[in-house]
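What follows is one structure encoded as structure tokens, with my remarks underneath.
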Amino acid sequence: TDKKEVSSMMKSTSNAEFQRDYGGATTAGLATLKAAMTASDDPSSENIADTVGALSGVVSAMVPPPAGLVLGCGMSVVGGVFGSPADATNNDVIEKVEEGFSKMNLRFDEISNEIHIVSNKISHVSDKIDVVTDQIGEIANRLDDLSLAIN
């Protein structure tokens with residue numbers, strides 16, 4: 001039961017703190033629509049990758065972490081790598097991959113910060129439980145003393 005309570009608390013804390021970014025999702029959605037229209041006219045791997053990359057903004061803005069961050073990062077990397085033009089040099093591709101990993105690192109830092117916040121809250125709750133447990137022990141001792149005094 002303790003694991004279920006902690007898990008439930010983590011889920012409710014995570015969901016309570018996440019605020020969907022409708023403005024960001026709208027902007028990313030429009031960029032996705034524009035990229036998709038371009039890809040429908042010219043279905044090159046670069047245009048399709050641009051569409052996938054633009055869609056990552058919608059996912060990141062609307063799907064709660066950590067899933068939204070991981071999916072958004074993955075889509076950005078896919079868009080960056082496969083969006084390289086056919087005449088791109090190895091350095092161009094490496095730069096795109098590094099750019100994608102930089103974005104992923106930023107998002108993983110966000111996840112790490114959220115985990116740190118949840119961990120601090122769990123620690124705080126655990127400290128309160130320890131205080132209550134100590135108080136209950138003191139009450140039990142006093143009741144034992146009273147019981148002995150009455151008998």
Side-chain angles (χ1 to χ4, degrees), residues 1-37 39 45-84 90-151:
T1 17
D2 291 336
K3 289 181 183 178
K4 288 181 184 176
E5 290 174 18
V6 169
S7 175
S8 173
M9 181 176 54
M10 286 175 60
K11 286 180 185 175
S12 66
T13 301
S14 173
N15 290 338
E17 291 178 7
F18 178 72
Q19 297 290 320
R20 285 185 169 80
D21 180 8
Y22 294 106
T26 302
T27 302
L30 292 172
T32 302
L33 199 58
K34 181 179 176 186
M37 289 173 61
S45 64
E46 184 176 357
N47 288 338
I48 292 170
D50 287 346
T51 304
V52 172
L55 186 59
S56 71
V58 177
V59 171
S60 295
M62 298 303 290
V63 178
L69 296 174
V70 173
L71 287 171
C73 287
M75 293 173 82
S76 292
V77 169
V78 167
V81 171
F82 292 106
S84 300
N90 286 341
N91 285 340
D92 293 338
V93 173
I94 290 170
E95 285 177 15
K96 287 277 192 180
V97 169
E98 287 175 351
E99 182 181 313
F101 281 122
S102 292
K103 288 179 183 179
M104 285 178 63
N105 284 334
L106 289 174
R107 300 231 174 132
F108 285 136
D109 286 344
E110 291 173 14
I111 292 171
S112 177
N113 288 336
E114 287 185 25
I115 289 171
H116 181 70
I117 290 168
V118 170
S119 176
N120 285 340
K121 288 181 180 183
I122 291 172
S123 178
H124 182 71
V125 169
S126 178
D127 291 345
K128 286 185 176 187
I129 289 171
D130 290 344
V131 169
V132 170
T133 302
D134 290 345
Q135 291 174 345
I136 290 172
E138 289 175 19
I139 291 170
N141 289 339
R142 288 183 186 168
L143 288 174
D144 286 344
D145 291 345
L146 281 174
S147 175
L148 291 174
I150 293 173
N151 292 330

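Positions are given from 1, in the same order as the sequence printed here. Quick caveat: nothing in here was measured; it's all calculated off a predicted structure.
- Applying side chain to side chain contact (heavy atoms under 4.5 Å, CB included) to Val118 and the options Ile122, Asn120, Ile115 leaves one that passes, Ile122.
- Of the inter-residue distances, the one linking Leu143 atom CG with Ile150 atom CD1 reads 9.5 Å to the nearest 0.5 angstrom.
- A donor-acceptor pair under 3.5 Å links the side-chain atoms of Thr133 to the main chain of Ile129, judged by distance alone.
- Between Ser123 and Asp127 there is a side-chain heavy-atom pair separated by less than 4.5 Å.
- Side-chain contact between Leu30 and Lys34: absent, with no pair of heavy atoms (C-beta onward) separated by less than 4.5 Å.
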